[in-house]
Chemist: 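Could you have a look at this structure, given as structure tokens, before my questions?
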Amino acid sequence: MTYKYGLTLPISGSHKLKRFTLWAGAHLPDLQYRLPPQTPIKTETMTIRLRDSDDRARILSALNANKL
């Protein structure tokens, strides 16, 4: 399968990839996604790739309930 869909999330600070991975594991354990290989500390956003368009809504709903 391919990751056709993207979602850009507002996230700042260091260890963005690790923080998102831990958050997704805790709140959306069955979510299939692909992260960028790295993100600079200075960036304020991060784009993740998703397999399904419904996953975007799931992530946004989970973010409203549980901050990243």
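Every value quoted in this text rests on a predicted model; they were computed, and no experiment measured them. We number each residue from 1, following the sequence as shown.
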Chemist: If you round to the nearest 0.5 Å, how far is CZ of Arg58 from CG of Asp30?
Modeler: 4.5 Å

Chemist: Within the distance-only criterion (no hydrogens, no angle test), does the side chain of Arg51 pair as donor or acceptor with the backbone N or O of Gln32 below 3.5 angstrom?
Modeler: no

Chemist: Are Leu60 and Leu68 grouped together when hydrophobic residues (ILVMFWY) are joined by side-chain heavy atoms under 4.5 angstrom apart?
Modeler: yes

Chemist: Got a sec, which residues hit ring pair (Phe, Tyr, Trp, His ring centres under 6.0 Å) with His27, two or more places apart in sequence or on another chain?
Modeler: Trp23

Chemist: To the nearest 0.5 Å, what is the distance between OG1 on Thr47 and CG on Leu35?
Modeler: 10.5 Å

Chemist: Please report the interatomic distance OG1(Thr39) to CE(Met46), rounded to the nearest 0.5 Å.
Modeler: 6.5 Å

Chemist: Go through the steps for Leu28 and Tyr33 under the test side-chain contact (heavy atoms from CB on, under 4.5 Å), then give the verdict.
Modeler: CA-CA 11 Å; Leu28 299 167; Tyr33 58 90; over 6 Å; no

Chemist: So, using salt bridge (charged side-chain N to carboxylate O under 4.0 Å, His left out) as the criterion, who are the partners of Arg56 when residues are at least two apart?
Modeler: none

Chemist: Following the transitive rule for hydrophobic clusters with a side-chain heavy-atom cut-off under 4.5 Å over Ile, Leu, Val, Met, Phe, Trp and Tyr, establish whether Phe20 and Tyr3 coincide in one cluster.
Modeler: no

Chemist: Please evaluate residues Asp55 and Tyr5 with respect to the criterion side-chain contact (heavy atoms from CB on, under 4.5 Å), reporting the C-alpha separation (whole Å), side-chain torsions for both, the decisive distance (0.1 Å), and the verdict.
Modeler: CA-CA 9 Å; Asp55 290 340; Tyr5 304 94; over 6 Å; no

Chemist: Compare every heavy atom of Pro37 with every heavy atom of Leu17, then report the nearest pair and how far apart it is.
Modeler: CD1-O, 3.7 Å

Chemist: Show your working on side-chain contact (heavy atoms from CB on, under 4.5 Å) between Ile59 and Ile48 and close with a plain yes or no.
Modeler: CA-CA 11 Å; Ile59 291 173; Ile48 60 171; 3.6 Å; yes

Chemist: Can you tell me which residue pairs pass the side chain to side chain donor-acceptor pair (under 3.5 Å) test with a partner in residues 11-22, sequence neighbours excluded?
Modeler: none

